[in-house]
Protein chains: 2
Amino acid sequence: MDEPGHIRRYPRPAVAVDLTIFTLRDADLQLLLIKRKRPPFEGCWALPGGFVRVSDEQDQGEDLDQAAERELAEETGLPTGAVFLEQVRAFGQAGRDPRLRVISVAYMALVRPELAPVVCAGGDAADARWFSTAHLEQQPLAFDHHQIINAATEHLRRAIRTTDLAFELVPETFTVAELRAVYEVLEGARLDPGNFRRRFMRMVDDGVLQESPGKRATGSRKARLYRFKPRQT
Amino acid sequence: MDEPGHIRRYPRPAVAVDLTIFTLRDADLQLLLIKRKRPPFEGCWALPGGFVRVSDEQDQGEDLDQAAERELAEETGLPTGAVFLEQVRAFGQAGRDPRLRVISVAYMALVRPELAPVVCAGGDAADARWFSTAHLEQQPLAFDHHQIINAATEHLRRAIRTTDLAFELVPETFTVAELRAVYEVLEGARLDPGNFRRRFMRMVDDGVLQESPGKRATGSRKARLYRFKPRQT
DNA sequence: ATAATAGTGTCTATTAGACAATATCCT
DNA sequence: AGGATATTGTCTAATAGACACTATTAT
């Protein structure tokens, strides 16, 4: 954070944001990738993202979070605010982009399952597709995107264990089984329906969740619906 | 992550690393700050840090982690590897540096209490001092360093709760009370000595900790010493 | 001897998990 | 009716927390 006034002449890196956009479909954690239509890695699948627009003038350009929101809107076509978005961390390995020095700030986005089908290709992507994270190791990806995906997935798993984030991967109203499915996929283990129900009901008692009118059949029998209480602790 | 070959002409931000260097002294979580000797914020206390050295040439310069290690060595004089170092996240608010667009990657470092006294001022700091985090709100700081410190402190608290990181804030060998003090300071609450002891002993049973020869008096009575088992799960 | 901390034991409440049993709904 | 899931209930083990008690050591 210290430098003389002539720092402007020191070489600077390009800074990009890369998005790991997750959703839950078919009882599976899936990730949105786009096919690159320019070198390097032309034709290769990659995380959506782009460079942060900056300036040294009075208006210094967009914030990192704003850049991530912008890219998210461009790539998914979803309205801002419909999707949970949070920074994971920065990746700055030298040589991660062969052309020039790029430091990438990774973000994690969570798309509710109802919205996943409407996500479409943005302007600078030849194609966009949801990939199952389960078989992604075999898939060749551009840059160090495997590493970013691993870090983001780990970030997501940790967040699911320690915060309310599971709620971002479920529709507005949901059944006990639907929320259980989120935990089962993220924890990678089957959970006892009865035991999970008690955990769930404790959240209702604590006022985190509340019953919502109507019922829905996920399986063979209709189940009660719930929703989140207003917000914030 | 997409751009034409002429991206080199787009404006880029400067990228810095800022270090939140914590230690535990006098039953208190403390943070190392340096007094800036150049504008802006000349004479103001600030986080140690500096710009990342980059290039677009074949050798693209240092990694973010390397830059943080280098700054840490320069500012503390401690040998690399003696101190735990981990990235927190990137801060990229527009206008956070009044002169030019700077994106800062924050790192958290944990200095064992025996090493804290030997930490001395580095080359580009007029002065360096440990500050108690308890009263830091009143202290005016340069840039958005208050925000970075809050995020890093939160990061640390979370890590203490969910990982083995408390061990980085204690000497090589330590007593039950010394480890308890780490948790008491970080959790901001007194812990029952008897109950904490059982938690501790479970770690011994699990092979995380092992007894070490000798005893040490933290208070009025000598206590057994422990150390960490080799490493890794 | 006394104060202060180390170390042990006991009891209760909460929670996770295994697992059985009943209720409801779709086909 | 039959199969699948929802929902409820029971039991056990692990853990956290409150709290009382004994042991050891510096002063």
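A, B, ... follow the sequence lines: proteins, then strands. Residue 1 opens every chain.
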Qualifying residues under salt bridge (Lys or Arg N to Asp or Glu O under 4.0 Å), relative to A:D63, sequence neighbours excluded: none
Sorted by number, the residues of residues 173-180 of chain A with heavy-atom contact under 4.0 Å to DNA chain D: A:A177, A:R180
Spacing between A:Y226 atom OH and D:dA6 atom P, to the nearest angstrom: 12 Å
Point-to-point distance, once rounded to the nearest 0.5 Å, from CD of B:E71 to CG of B:L19: 6.5 Å
All ring pair (Phe, Tyr, Trp, His ring centres under 6.0 Å) counterparts of B:W130, not counting sequence neighbours: none
Any A:R197 side-chain N or O less than 4.0 Å from OP1/OP2 of D:dT8: yes
Of all pairs that satisfy salt bridge (Lys or Arg N to Asp or Glu O under 4.0 Å), the ones with a partner from residues 131-151 of chain B, not counting sequence neighbours: B:R96-B:D144
Nucleotide D:dA16, atom P - distance to CZ of B:R161 in whole Å: 14 Å
Pair listing, side-chain hydrogen bond (donor to acceptor under 3.5 Å, both in side chains) test, anchored in residues 196-213 of chain A, at least two apart: A:N195-A:R198
Presence of A:R224 side-chain N/O under 4.0 Å of D:dT8 phosphate oxygens OP1/OP2: yes
Summary of protein contacts for nucleotides 19-27 of chain D, nucleotide by nucleotide, where a base hit scores B, a sugar-phosphate-only hit scores S (4.0 Å, heavy atoms): B---BBBS-
Near-ring test B:Y226/B:F200, centroid separation under 6.0 angstrom: yes
Qualifying residues under salt bridge (Lys or Arg N to Asp or Glu O under 4.0 Å), relative to B:E178, sequence neighbours excluded: B:R216
Atom pair CD/CG of B:E168 and B:L85 - distance to nearest 0.5 Å: 11.0 Å
By side-chain hydrogen bond (donor to acceptor under 3.5 Å, both in side chains) - contacts of B:E62 (at least two apart): B:R70
Geometric cation-pi criterion, A:R36 with A:W45: 6.0 Å, 45°: no
Within residues 168-188 of chain A or reaching into it, pairs that qualify as ring-ring contact (aromatic ring centres under 6.0 Å, His included) - sequence neighbours excluded: A:F174-A:F228, A:Y183-A:F196
Between CG on residue A:L169 and CZ on residue A:F22, distance to nearest 0.5 Å: 9.5 Å
Within residues 200-213 of chain A: residues closer than 4.0 Å to DNA chain D (heavy atoms): none
Outermost DNA chain C nucleotides near chain A [under 4.0 Å, heavy atoms]: C:dT15 to C:dC26
Residues forming a salt bridge (Lys or Arg N to Asp or Glu O under 4.0 Å) with B:E86, sequence neighbours excluded: none
